[in-house]
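Have a look at this one.
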Amino acid sequence: MPELPEVEVVRRGLARWVADRTVADVDVLHPRAVRRHIAGADDFAHRLKGHRIGAPSRRGKYLWLPVEDTGSAVLAHLGMSGQLLVKTQEAPDEKHLRIRVRFDDSVGTELRFVDQRTFGGLSLHDTTPDGLPDVIAHIARDPLDERFDADAFHHALRRSRTTIKRALLNQSLISGVGNIYADEALWRARLHYERPTATFTRPRTSELLGHVRDVMNAALAVGGTSFDSLYVNVNGESGYFDRSLDAYGREGEPCRRCGTPMRRRPWMNRSSYFCPRCQRPPRPSRLS
DNA sequence: CAGCACACCTGAGGGC
DNA sequence: TGCCCTCAGGTGTGCT
C-alpha cells in the first residue's frame with residue numbers, strides 16, 4: 001500500500017520524466033479512475049489536452065501536477081493499488097490500465113495510471129493561491145514537510161477524545177501515515193495503539209513524531225536509492241519498497257526488542273500489530 | 001460538531 | 001477442480 005514515502009518517490013519520478021511535457025491526448029479506460037472529476041472523463045481529457053505539465057507537488061499521500069496557464073492541477077491518489085507508470089508507447093497495456101496520457105514530443109514515453117482495485121484516481125481541480133488543489137485543503141501538512149505544525153498536532157491530540165492510532169491515521173491532523181507506518185512508529189515509541197491522546201505530554205508527542213519521521217525517512221532512503229536507475233519506482237514494477245518492518249505483518253514472530261511473540265488484533269476493519277510486552281494497553285478508563 | 005461505521009473495489013489464499 | 005469466504009485498507013459520506 002502506498003503511503004507517504006512511496007508517493008514521494010513517485011513524485012520524484014514524475015518530476016524527472018513528466019514535468020515540462022505537453023499533453024497530446026488522454027485516454028480514460030475506466031470511468032471509476034476519474035470519479036472524483038465530477039464533470040466526467042471527456043471533460044478531464046479535454047481540459048488536459050494541449051497543456052504543459054508543471055513541477056509535481058505532494059502533501060501526505062496526495063500528489064498533483066500543475067496544468068500550466070489554467071489555474072488547475074491534476075490531483076492523483078494511488079489508493080491501495082494505484083501506480084503511475086512511465087512506459088514506452090510500445091509497451092503492452094497493463095491488465096489494469098485505467099488512464100493513458102500521451103505527450104506532444106518525441107521522447108517516446110507515456111504516462112499510465114494502473115490500478116487493480118480502483119480506490120485511487122486522477123481528477124482536475126482549481127488550485128488555491130498557494131497552488132494547493134482546493135479539494136485537499138483539509139489535508140494537514142505531513143511530518144516531512146518543514147512547515148508541519150507539531151504544536152498544532154500536539155494540541156489537537158490533547159483536545160481530542162480519541163486514541164493514538166486513530167489520530168495518526170486522521171489525515172486532517174497529520175497526513176501521509178497509513179496502517180503500516182502507524183504500527184511501525186507506535187512499536188518504535190512503545191505505545192499501544194489504543195492509548196488515549198488527551199493525556200499526551202509534549203515530550204511524548206515529540207518522541208512519537210520523531211519515530212514517524214524516522215520510519216518514513218528510512219523507507220524513503222531505500223526507495224530513493226534505486227530511483228535513478230530506470231523508471232523502477234515511478235513505474236513501480238519492482239513493487240513498493242522492500243520494507244524491513246518491525247511490527248506490521250509480524251503476528252506470532254518474536255518482537256525484535258524483547259522476543260515476545262507479536263500480536264495482531266482486528267481494529268477498524270483492519271489489523272493492528274503490536275508487542276504485548278513493549279506496548280502495554282492503557283488502563284480501562286471511566287471517561288466515556 | 002466530533003467521532004465512528006460503512007461503502008467502495010478486486011484478487012490472493014485458505015477451507016472444504 | 002472449483003466454489004465460497006475472508007482479508008487487504010484510504011477516503012468520503014452519512015449517521016449518531
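Residue numbers begin at 1 in each chain, while the letters A, B, ... track the order of the sequences. Only heavy atoms go into these numbers, but all of them, side chains included; no hydrogens, no water, no symmetry mates.
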A/H96 side chain: which of C/dT11, B/dG11, C/dA8 is closest?
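Closest nucleotide among those given: B/dG11.
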Check residues 42-54 of chain A and write down every donor-acceptor pair under 3.5 Å in which the side-chain atom is one partner and the other belongs to a residue at least two apart or another chain.
from, atom 1, to, atom 2, distance (Å)
A/D43, OD2, A/H37, NE2, 2.8
A/D43, OD2, A/R47, NH1, 3.4
A/H46, ND1, A/D42, O, 3.0
A/R52, NE, A/E68, OE1, 2.9
A/R52, NH2, A/E68, OE1, 3.4

For C/dT11 and A/H77 - does any side-chain N or O of the residue sit under 4.0 Å from the phosphate oxygens OP1/OP2?
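Yes, A/H77 has a side-chain N/O under 4.0 Å of OP1/OP2 on C/dT11.
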Judged by atom type as modelled, is there a donor-acceptor pair below 3.5 Å linking the side chain of A/R270 to the main-chain atoms of A/M268?
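The answer is yes, because a donor-acceptor pair under 3.5 Å joins these two groups.
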Could you check which of C/dA8, C/dT11, B/dG11 has an atom nearest any side-chain atom of A/M80?
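Taking heavy atoms from C-beta onward, the closest nucleotide is C/dA8.
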Report each atom pair, protein N/O against N/O of nucleotides 2-6 of chain B, whose distance is under 3.5 angstrom.
from, atom 1, to, atom 2, distance (Å)
B/dG3, OP1, A/R161, N, 2.9

Close residues, residues 26-41 of chain A, relative to DNA chain C [heavy-atom separation under 4.0 Å]
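Residues of residues 26-41 of chain A under 4.0 Å from DNA chain C: A/R36.
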Applying the side chain to side chain contact (heavy atoms under 4.5 Å, CB included) criterion to A/F103, which one of A/L111, A/T22, A/T109 satisfies it?
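Only one of A/L111, A/T22, A/T109 forms a side chain to side chain contact (heavy atoms under 4.5 Å, CB included) with A/F103, namely A/L111.
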Length of the line joining A/N179:CG and C/dC7:P, which is rounded to integer Å
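The distance from CG of A/N179 to P of C/dC7 comes to 14 Å, rounded to the nearest Å.
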May I ask you to decide whether A/R32 forms a salt bridge with A/D115, counting only side-chain N to carboxylate O separations under 4.0 Å?
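Salt bridge flag = no for A/D115 with A/R32.
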Are any side-chain N or O atoms of A/E110 and backbone N or O atoms of A/V101, one a donor and one an acceptor, separated by less than 3.5 Å?
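No: the side chain of A/E110 does not pair with the backbone of A/V101.
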May I ask you to test the A/F274-A/P281 pair for a side-chain heavy-atom distance under 4.5 Å?
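They are not in side-chain contact.
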Quick check on the hydrophobic clustering: are A/L75 and A/V23 connected, directly or via other members, by side-chain heavy-atom contacts under 4.5 Å?
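Cluster IDs for A/L75 and A/V23 differ.
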Rounded to the nearest 0.5 Å, how far apart are OG1 of A/T118 and CE of A/M80?
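That separation rounds to 10.5 Å.
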So what is the end-to-end bend of the helix from B/dA2-C/dT16 to B/dC16-C/dG2, with 5 pairs used at each end and the value given to 10 degrees?
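Rounded to the nearest 10 degrees, the bend comes out at 50°.
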Quick one: is A/T118 getting a side-chain N or O under 4.0 Å of the B/dC8 phosphate, OP1 or OP2?
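So the side chain of A/T118 is outside the cut-off, no N or O lying under 4.0 Å from OP1 or OP2 of B/dC8.
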Does C/dG12 have its OP1 or OP2 closer than 4.0 Å to a side-chain nitrogen or oxygen of A/Y62?
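Yes, A/Y62 has a side-chain N/O under 4.0 Å of OP1/OP2 on C/dG12.
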Can you find a side chain N or O atom of A/K95 that sits less than 4.0 Å from OP1 or OP2 on B/dT10?
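For B/dT10, neither OP1 nor OP2 has a side-chain N or O of A/K95 closer than 4.0 Å.
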Does any N or O in the side chain of A/S57 come within less than 3.5 Å of the main-chain N or O of A/W64, such that one atom is a donor and the other an acceptor?
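Checking the backbone N and O of A/W64 against the side chain of A/S57, no donor-acceptor pair under 3.5 Å is found.
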Integer-rounded Å distance: C/dT11 C1' and A/L169 CG:
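To the nearest whole Å, that distance equals 12 Å.
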Between B/dA12 (P) and A/R117 (CZ): distance, integer Å:
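Atom CZ in A/R117 sits about 11 Å away from atom P in B/dA12.
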A/Q116 CD to C/dA8 C1': how many Å, rounded?
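A/Q116 atom CD is separated from C/dA8 atom C1' by 10 Å.
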Give me each pair satisfying salt bridge (charged side-chain N to carboxylate O under 4.0 Å, His left out) with a member in residues 193-211 of chain A, each pair once, sequence neighbours excluded.
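Non-adjacent pairs meeting salt bridge (charged side-chain N to carboxylate O under 4.0 Å, His left out): A/D151-A/R202.
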A/L63 CG to C/dG10 P, straight-line distance once rounded to whole Å
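So the two atoms are 16 Å apart, to the nearest Å.
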How long is the line joining CG of A/L75 and C1' of C/dG12, in whole Å?
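My rounded result for the distance is 14 Å.
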What residues, two or more places apart in sequence or in another chain, satisfy side chain to side chain donor-acceptor pair (under 3.5 Å) together with A/R256?
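Listed in chain order: A/D246.
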A/T128 to A/D134 - nearest heavy-atom pair and separation
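That would be CG2-CA, 4.1 Å.
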Separation of atom CZ in A/F119 from atom P in B/dC8, rounded to whole Å:
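In whole Å, B/dC8 P and A/F119 CZ are 10 Å from each other.
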Just the rounded figure in Å: distance from P of B/dT10 to CD of A/E94.
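Whole-Å distance recorded here is 18 Å.
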